[in-house]
Amino acid sequence: QVQLVESGGGLVQAGDSLRLSCVVSGRTFSGYAMGWFRQAPGKERDFVAAISWSGGHMYYSDSVKGRFAISRDNAMNTVYLQMSGLKPEDTAVYFCARDRSYRRAVVVATSTQYADWGQGTQVTVSS
């Protein structure tokens with residue numbers, strides 16, 4: 001049974017930075033791509049960023065490109081999301097997720113391609 005636990009959310013002002021962490025336990029971490037998604041109240045869960053199993057490829061949604069950075073530490077079984085230049089529209093619950101495919105050749109942005117999810121961490125950006 002794999003477990004994903006996010007942390008690092010909070011209440012910040014527009015323009016501030018936050019770093020989210022997601023620790024994965026229970027199963028292999030290093031061979032799986034990882035993704036971050038977010039869900040605002042009343043909206044669907046949207047893709048934010050993903051990183052390949054090797055860490056060599058990253059992919060971002062247009063809304064966060066240039067402001068957010070995803071990284072991973074395979075020795076620590078942890079994936080990070082560094083968020084800077086935060087905007088009120090970034091307010092959401094942020095979820096990390098593990099790809100369902102081992103050593104997938106490409107990075108995917110579709111939530112159905114992720115099999116395991118954390119409980120989420122709230123990020124609130126005030127104007």
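As a basis for the values below, the full set of heavy atoms in this structure was taken, side chains included, without hydrogen atoms, waters or symmetry mates. Counting from 1, the numbers follow the sequence of the chain as shown.
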J.: Treating E6 as the side-chain partner and C96 as the backbone partner, does any N or O pair qualify as donor plus acceptor under 3.5 Å?
T.: yes

J.: Under 6.0 Å from the ring centre and within 45 degrees of the ring axis: does the NZ or CZ of R45 meet both conditions for the six-membered ring of F95?
T.: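 Yes - R45 lies over the ring of F95, closer than 6.0 Å to its centre and within 45° of its axis.
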
J.: Name the residue from L86, T91, V93, V12 that meets the side chain to side chain contact (heavy atoms under 4.5 Å, CB included) definition with T124.
T.: T91

J.: For the OG atom of S127 and the CD atom of Q13, what is their distance to the nearest 0.5 Å?
T.: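 Reported to 0.5 Å precision, the distance equals 9.0 Å.
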
J.: Can you tell if the side chain of M83 reaches within under 4.5 Å of the side chain of V64, non-hydrogen atoms only?
T.: no

J.: About how many Å separate CE of M76 and OG of S21, when rounded to the nearest 0.5 Å?
T.: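 So the OG of S21 and the CE of M76 are separated by 9.5 Å.
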
J.: Are the side chains of L81 and V48 in touch, meaning some heavy atoms are under 4.5 Å apart?
T.: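 Yes, close enough: below the 4.5 Å cut-off.
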
J.: Using the rule given for side chain to side chain contact (heavy atoms under 4.5 Å, CB included), can you reason through T78 versus V24, listing the C-alpha separation, both sets of side-chain angles and the distance that settles it, and then say yes or no?
T.: CA-CA 6 Å; T78 302; V24 181; over 6 Å; no

J.: Tell me whether the count of non-hydrogen atoms from other residues, nucleotides or ligands lying under 6.0 Å of CD in E89 goes above 12.
T.: yes

J.: Could you measure the distance from the CD atom of Q82 to the OG atom of S17? Nearest 0.5 Å is fine.
T.: 6.0 Å

J.: Once you measure the plane-to-plane angle for Y114 and F37, does it fall in the parallel (<30°), tilted (30-60°) or perpendicular (>60°) bin?
T.: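 Ring orientation, 0 to 90° scale: perpendicular.
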
J.: Decide yes or no on side chain to side chain contact (heavy atoms under 4.5 Å, CB included) for L4 and M34, but give the supporting numbers first.
T.: CA-CA 11 Å; L4 293 81; M34 296 295 297; 3.8 Å; yes

J.: Has S54 got a side-chain atom pairing as donor or acceptor with G56's backbone, closer than 3.5 angstrom?
T.: yes

J.: Hey, are the side chains of Y94 and C22 touching, using non-hydrogen atoms and a 4.5 Å cut-off?
T.: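 A side-chain contact under 4.5 Å is absent here.
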
J.: Answer yes or no: is there a donor N or O on one side and an acceptor on the other, between the side chain of T28 and the main chain of G31, under 3.5 Å?
T.: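 No, the answer is negative, given that no donor and acceptor are paired below the 3.5 Å cut-off.
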
J.: With R98 as the cation and Y32 as the aromatic partner, state whether NZ or CZ is under 6.0 Å from the six-membered ring centre and within 45° of the axis.
T.: yes

J.: Working to the nearest 0.5 Å, report the span between CD of Q39 and OG of S111.
T.: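 Taking CD in Q39 and OG in S111, the distance rounds to 10.0 Å.
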
J.: State, with a plain yes or no, whether a side-chain heavy atom of R38 is found less than 4.5 Å away from one of W36.
T.: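 R38 vs W36: side chains apart.
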
J.: In this structure, is the centre-to-centre distance between the rings of F47 and Y60 below 6.0 Å?
T.: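 For Y60 and F47, the ring centres are not under 6.0 Å apart.
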
J.: May I ask you to check if R72 and F29 form a cation-pi contact, with NZ or CZ under 6.0 angstrom from the six-membered ring centre and within 45° of the axis?
T.: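 Yes, a cation-pi geometry holds between R72 and F29.
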
J.: Filter on salt bridge (charged side-chain N to carboxylate O under 4.0 Å, His left out), then keep only pairs touching residues 53-69, sequence neighbours left out; what's left?
T.: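 Qualifying pairs, neighbours excluded: D62-K65, R67-D90.
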
J.: Quick one: are I51 and V107 in side-chain contact, heavy atoms under 4.5 Å?
T.: no

J.: If hydrophobic clusters are built by linking Ile, Leu, Val, Met, Phe, Trp and Tyr wherever their side-chain heavy atoms come under 4.5 Å apart, do V79 and V108 end up in the same one?
T.: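 No, it is not one cluster - the side chains of V79 and V108 are not joined through contacts under 4.5 Å.
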
J.: Would you call D99-R104 a salt bridge at under 4.0 Å N-O?
T.: yes

J.: Is the shortest heavy-atom distance from the side chain of L18 to the side chain of V123 under 4.5 Å?
T.: yes

J.: Set out, in order, the CA-CA distance, both residues' side-chain angles and the distance that settles side chain to side chain donor-acceptor pair (under 3.5 Å) for S61 and S63, then state yes or no.
T.: CA-CA 5 Å; S61 69; S63 61; 3.0 Å; yes

J.: What pairs with Y80 under ring pair (Phe, Tyr, Trp, His ring centres under 6.0 Å), at least two apart in sequence or on another chain?
T.: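 In terms of ring pair (Phe, Tyr, Trp, His ring centres under 6.0 Å), with neighbours along the sequence ignored, Y80 is linked to no residue.
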
J.: Report the distance from atom CG of D73 to atom OG of S30, rounding to the nearest 0.5 Å.
T.: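 Interatomic distance, D73 CG to S30 OG, rounded to 0.5 Å: 11.0 Å.
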
